[in-house]
Amino acid sequence: MGSTDNNTKCPDGEPLRVCLLSYRGNPASGGQGVYIRHLSKALVELGHQVEIISGPPYPQLDDHLPLIKLPGLDLYNPEHLFKVTNKKKLLNLLNLYEYASMCTGGFPEPFTFGVRAYRHFRRFRPAYDIVHDNQCLAYGVLALQSLGYPLVTTIHHPVTIDRQTELLAAGSILKKIGVRRWYSFLGMQMRVSRRMAKIITVSQASKKDICRDYRIKHESIAVVMNGIDAELFHPLPGWEREKDHLLVTNSADTPLKGLGYLMEALASIKKKRSIRLTIIGQPKKDGYIENLVRNLGLGETVSFTGRIEPHQFAHYYARATMAVIPSLYEGFGMPAGEAMSCGVPVVATSGGALPEVVGDAGIIVPPGDSGALERAISSLLDNPALQVKLGQAGLERVRSLFNWRVAAEKTVAVYREAIDANR
């Protein structure tokens with residue numbers, strides 16, 4: 001974009017020069033990568049100039065979107081997990097810190113990306129009207145304000161809830177120490193967030209919990225709900241749904257996703273009827289979920305797809321009787337919205353923002369309750385008419401409420417507030 005005065009005036013209605021910062025951006029890494037991809041595209045379609053600055057794994061973007069890569073060690077890449085591909089990189093002190101922190105059980109990526117981002121801005125002084133941080137919340141990102149850049153951050157959900165859930169699931173003092181060490185970056189993120197003038201989050205539930213856990217003023221946070229990609233997630237005419245076939249799009253072994261409760265419900269349902277579950281993704285080898293499937297005798301009932309291409313999701317949804325989202329907490333609940341966008345009836349928990357996404361277009365049960373999941377799933381399996389009704393209601397709800405263009409317009413309104421406050 002070239003280097004000019006950072007404080008260039010940007011009247012209402014004038015296109016903005018936007019920088020999106022993301023310490024990791026690949027959609028396979030989670031919702032943050034999905035957010036960067038679709039928000040950047042929608043901002044460009046509104047007429048704004050957008051550049052993305054990211055650490056690895058890098059985001060998947062439209063071809064015309066410029067990406068500035070800030071390489072780190074990429075220590076969590078499954079192709080070379082916890083390994084440094086080039087030992088000479090450890091001669092750099094920041095890289096050495098990143099490696100040492102990982103070796104002692106920490107998660108250093110947000111901090112080290114923040115340092116790299118600050119160094120990049122200090123050296124090149126790129127011309128942006130606004131810098132939008134994607135939940136890095138690092139000291140280096142906060143320091144961009146001292147260089148004159150108006151700053152906005154998105155906090156998708158309070159990571160304090162992830163930490164608390166994993167602490168409760170940890171079975172020993174040693175494991176609890178490991179959990180606390182992994183989440184040691186959270187102290188930095190909480191301190192940085194309290195010094196941000198403008199924060200975006202994706203649901204009212206996230207806003208309430210962020211204000212409580214991070215001790216942030218209510219008026220500092222704007223709620224801008226995500227969109228759903230209707231090009232990828234849509235009904236497939238002519239496809240027939242299979243009977244008694246459940247679909248889950250999350251294979252994570254983390255307690256927050258609640259898959260264990262679904263497995264318990266499934267084991268009980270299996271005693272009374274024929275049923276099967278397809279899980280998109282692959283669990284950790286010999287991890288909690290894989291062991292639970294084996295211990296509950298669900299080997300012939302549960303199947304994992306492994307990694308699939310984005311365009312394949314609609315095909316799996318088209319064959320499913322229903323989608324189940326058993327999460328204990330979701331800051332937004334993208335899997336629920338994507339299922340609804342495919343016209344699939346949904347059973348979800350009331351964890352976090354899921355009721356805001358699902359509304360009256362699905363069946364809501366308490367989180368962490370395998371019995372409630374069992375009853376809801378069985379009831380919906382026995383009622384084909386309700387399946388059709390909920391599937392149609394979900395499709396209409398997504399089309400009316402969850403649009404990336406609307407999300408981008410609301411995000412730009414927050415940008416302009418931050419720019420005005422920085423003048």
Problem set entry | Residue pairs fulfilling side chain to side chain donor-acceptor pair (under 3.5 Å) with at least one residue in residues 310-319, sequence neighbours excluded | none
Exercise. Side chains of Val302 and Leu266: does their closest heavy-atom pair fall under 4.5 Å?
Worked result: yes
Exercise. Are any of the side-chain heavy atoms of Leu380 and Leu390 separated by less than 4.5 Å?
Worked result: yes
Kindly list each side-chain donor-acceptor pair under 3.5 angstrom involving residues 214-228, sequence neighbours excluded, with atom names and distances?
unit_1	atom_1	unit_2	atom_2	d
Tyr214	OH	Val159	N	3.1

For this session: May I ask you to test the Leu328-Tyr261 pair for a side-chain heavy-atom distance under 4.5 Å?
Result: yes
Problem set entry | Residue pair Leu142 / Arg191, side-chain heavy-atom distance below 4.5 Å | no
Exercise. Is the shortest heavy-atom distance from the side chain of Phe121 to the side chain of Ile53 under 4.5 Å?
Worked result: yes
For this session: For ring pair (Phe, Tyr, Trp, His ring centres under 6.0 Å), just list the numbers for Tyr139 and Tyr118, CA-CA rounded to whole Å, side-chain angles, deciding distance to a tenth of an Å, and then say yes or no.
Result: CA-CA 9 Å; Tyr139 297 126; Tyr118 178 76; over 10 Å; no
Exercise. Is there side-chain contact between Tyr128 and Tyr149, with at least one heavy-atom pair below 4.5 Å?
Worked result: yes
Problem set entry | Sequence neighbours excluded, every pair satisfying side chain to side chain donor-acceptor pair (under 3.5 Å) that has a member inside residues 156-169 | Asn134-His156, His157-Asp162, Thr160-Asp213, Glu166-Tyr183
Problem set entry | Presence of salt bridge, Arg116 and Glu98, under 4.0 angstrom | yes
For this session: Would you mind checking if Asp286 and Arg294 are paired as a salt bridge, meaning a charged N to carboxylate O distance below 4.0 Å?
Result: yes
Seminar exercise, completed: Here the side chain to side chain donor-acceptor pair (under 3.5 Å) pairs for residues 325-341, sequence neighbours left out, are Asp209-Tyr329, Lys257-Glu330, Ser327-Glu330
For this session: May I have all residue pairs that pass ring pair (Phe, Tyr, Trp, His ring centres under 6.0 Å) and include part of residues 350-370, sequence neighbours excluded?
Result: none
Exercise. Parallel, tilted or perpendicular: which describes the rings of Tyr23 and Phe113, with under 30° parallel and over 60° perpendicular?
Worked result: tilted
Exercise. Quick one: are Leu168 and Pro255 in side-chain contact, heavy atoms under 4.5 Å?
Worked result: no
Problem set entry | ring pair (Phe, Tyr, Trp, His ring centres under 6.0 Å) contacts touching residues 403-423 (sequence neighbours left out) | His38-Trp404, His132-Tyr415
Exercise. Just checking, any donor-acceptor pair under 3.5 angstrom between side chains of Ser378 and Arg375?
Worked result: no
Exercise. Checking ring pair (Phe, Tyr, Trp, His ring centres under 6.0 Å) for the pair Phe313/Phe233: CA distance, chi angles, key distance, verdict?
Worked result: CA-CA 7 Å; Phe313 276 91; Phe233 300 96; 5.7 Å; yes
